[in-house]
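Just so we're clear, the structure is a prediction, and the values are computed from it rather than from any experiment. All ligand and atom numbering here is 1-based and tracks the order in the structure.
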Amino acid sequence: MTTKGLWTDGRLRYGGDWNPEQWPQAVWREDVALMRAAGVDLVTVGVFAWSRLEPAPGRYSLDWLDRVLDLLHDAGIRAALATPTASPPPWFSLAHPDALPVTADGVRLHHGSRDTYCAAAPAYRTAARSIAEVLAARYAHHPALALWHVHNEYGTTCHCAHVETAFRRWLTDRYGDLDALNDAWVTSFWGQHYTDWAQVAPPRATQYLGNPGQLLDFRRFWSDTLLSAYTAQRDLLRAANPAVPVTTNYALGDWVPVDHARWAREVDLVAVDHYPSRTDRGAEEQTALTADLARGWARHGAGRPVPWLLMESAPNQIHAGGRMHTKEPGRMIRHSLAHVARGSGGVLFFQWRAPAGGAERFHSAVVSHAGADTRVFREATRLGAMLGRLAGTACGAVQAGVAIAHDAASGWALRHPGMPRDGLDHPGEVAAAHRALWHAGITADLVTPGDPLDGHRLLLLPALYLASDATVDWVRRHVHAGGHLLVTWLSGVADEHARVRPGGYPGAYRDLLGVRVEEFHPLADDERVPLTSGGIGRIWSETVHLTGAEPVTAYIGGVLDGRPAVTRHRVGDAHTWYVSTRPDDDTYRRLLTDVAHRAGVGPTCPEAPPGVEAVRRRAGDHTRLYLFNHTDRPQRVPADGHELLTDEPVAEVLTLAPGGVAVLRERVPPQGVATAARERSAAMRTASPASTVPIT
Ligand code: GAL
């Protein structure tokens, strides 16, 4: 499957969700004129339009969608046409109450919102297939069609009788027999031994703590079930016209029961929705992290790289802390281009026009309730022009010498009850490591265990709790090939069934790290443990014994006084580091800067002042340096080349306006980030070992 159709002209796509079904036709024409003025060329249509497309079972009303697609086509705008299966019509729910979702404590939900269906219910699957088939038959060759957008943010969970049957089937396929399941779930504990498949059920509300193996498998099963709901639609859409790419947009967040890395193999492009939850600099950190995650998923989608696209983002607001915060002028552009810098094939918003009513009537929109004579519309128009100027240039691989491992199942398993501490958070630890590197100016790739690690001099495992034998082997191969490794607390403690690996923590990596952890000392939320590096540790601490490693930083005070907090071990040409607590942000930044430096990886733009983010893309001998000024002052960056947004030459210094962005075609492409840093660090080591950053 090719996604070339979306990018054959070398342009970045621009647009958002458009819901013409909410408006009279006069507004459609106004919208399309405004889209053209803003430079929009791709809109998502029909996402929640099922009740308008099929007002009664088997009775279709498609004329309005014909007119919408024709109107778009006449205006030179293409459509990401959605299948509307995230919001079944009320008639469907009333006719098929067994297809309504049931919570873990047995409550059956009712229609009146969206996403109220059970993806394992046969009636839902049949109805979803039927409406997708009708759309495929009618529009698969419509000239406006650029992309199929299946469903919206798969995520609804269910525990009903259909799910029970499907779960047993999935478990039978996975384990073959009950002995293997009993073994994987350690059902010898609390007398949970199963003697008949009919006894096995989804993890419903129960008296006390549930079984970790069962909880974990249920999450995996549900991700696979939702995926099969997607692939059922994808296959019939593809069959109708193999030239049109198919995708579904990823929701991100703890609640999403989807293994995005696994799903990436089934989409023609990875589409992510991103809404920062922080209003301070955290919004920029989250933007960079999400884009790097999406790029990581896309890199190995379908066994080969697929493109990725920012499918939804909010034009002018961040919703956080129970209220909306207006994005400061320029911030939306920085967020949008930060996604582009890190590989997105364009920028799409949710939503084009603010609705007059409905649950999201006050959600951010390009055309707000105030109309188009607004700051947000003018800024969106500016962004459209900028994306136009970047046509043909946003190519090339993002340069990153560090890889951070990320694994959905580890995140799910750390959330289980009965862990040594509440609030354990693998994605949060991934974010902390990424944030530390981001503040150090070092670009990272996010990888899933098993992904190729070519060119990554340093691999980080942040609280990567689960380690299958294959994962352990992957890590080992990296180190034995001379790659450096940094492992943080709780990584490799359990196998893929969440069974603890015995012999001392971290069972999977003890020998690679030269440490053995005897005892955990989780910290209270407000507890801090001082470190000899001058910083503090939070959340977690441990009794670490050295079995080959050397201490780098020690704990001060308490039961761990003088014991190692951070260690370093030499394995062949590589160093392996163990971090047994969560250092405060500044200490973590200094530590990772030093570890990366010793691995031969430095900042993307060492001369960039604090608050300026730099990302470099490289294609052959051509490089583009994206610079983002996240401060409210002008910033100067040494640079030479041609600035593409202003179309101005740059000699020696580029001055970024407060909150501004620049995209530089560099005159003399620097060496690869990792290579340059590696050579620099080798030179420094030869000149003076003391010139390296001191160990924190
Ligand atoms: C997305 C969703 C949209 C809209 C948006 C609001 O997750 O796909 O339909 O609800 O959130 O931020």
Please give the N or O to N or O pairs under 3.5 Å between ligand 1 and the protein, distances rounded to 0.1 Å.
{"residue": "ligand 1", "atom": "7 (O)", "partner": "Glu153", "partner atom": "OE1", "Å": "2.5"}
{"residue": "ligand 1", "atom": "7 (O)", "partner": "Glu153", "partner atom": "OE2", "Å": "2.6"}
{"residue": "ligand 1", "atom": "8 (O)", "partner": "Asn152", "partner atom": "ND2", "Å": "2.9"}
{"residue": "ligand 1", "atom": "8 (O)", "partner": "Glu153", "partner atom": "OE1", "Å": "3.3"}
{"residue": "ligand 1", "atom": "8 (O)", "partner": "Glu153", "partner atom": "OE2", "Å": "3.3"}
{"residue": "ligand 1", "atom": "8 (O)", "partner": "Glu312", "partner atom": "OE1", "Å": "3.1"}
{"residue": "ligand 1", "atom": "8 (O)", "partner": "Glu312", "partner atom": "OE2", "Å": "2.8"}
{"residue": "ligand 1", "atom": "9 (O)", "partner": "Arg114", "partner atom": "NH1", "Å": "2.8"}
{"residue": "ligand 1", "atom": "10 (O)", "partner": "Arg114", "partner atom": "NH1", "Å": "3.1"}
{"residue": "ligand 1", "atom": "10 (O)", "partner": "Arg114", "partner atom": "NH2", "Å": "3.0"}
{"residue": "ligand 1", "atom": "10 (O)", "partner": "Glu360", "partner atom": "OE1", "Å": "3.0"}
{"residue": "ligand 1", "atom": "10 (O)", "partner": "Glu360", "partner atom": "OE2", "Å": "2.5"}
{"residue": "ligand 1", "atom": "12 (O)", "partner": "His363", "partner atom": "NE2", "Å": "2.6"}

>> Quick check: His96 with Tyr117 (ring centres under 6.0 Å apart)?
In response: no
> Can we call the ring centroids of His151 and Tyr230 under 6.0 Å apart?
Replying inline: no
> For Arg219, what residues pass the salt bridge (Lys or Arg N to Asp or Glu O under 4.0 Å) criterion, not counting sequence neighbours?
Replying inline: none
>> Once side-chain contact (heavy atoms from CB on, under 4.5 Å) is applied, do any residues pair with Thr326, and if so which ones, sequence neighbours excluded?
In response: Arg375
> Do Arg295 and Asp292 meet the salt-bridge criterion of a basic N to acidic O distance under 4.0 Å?
Replying inline: yes
> What pairs of residues pass the side-chain hydrogen bond (donor to acceptor under 3.5 Å, both in side chains) test when at least one of them lies in residues 17-29, not counting sequence neighbours?
Replying inline: Trp18-Asp31
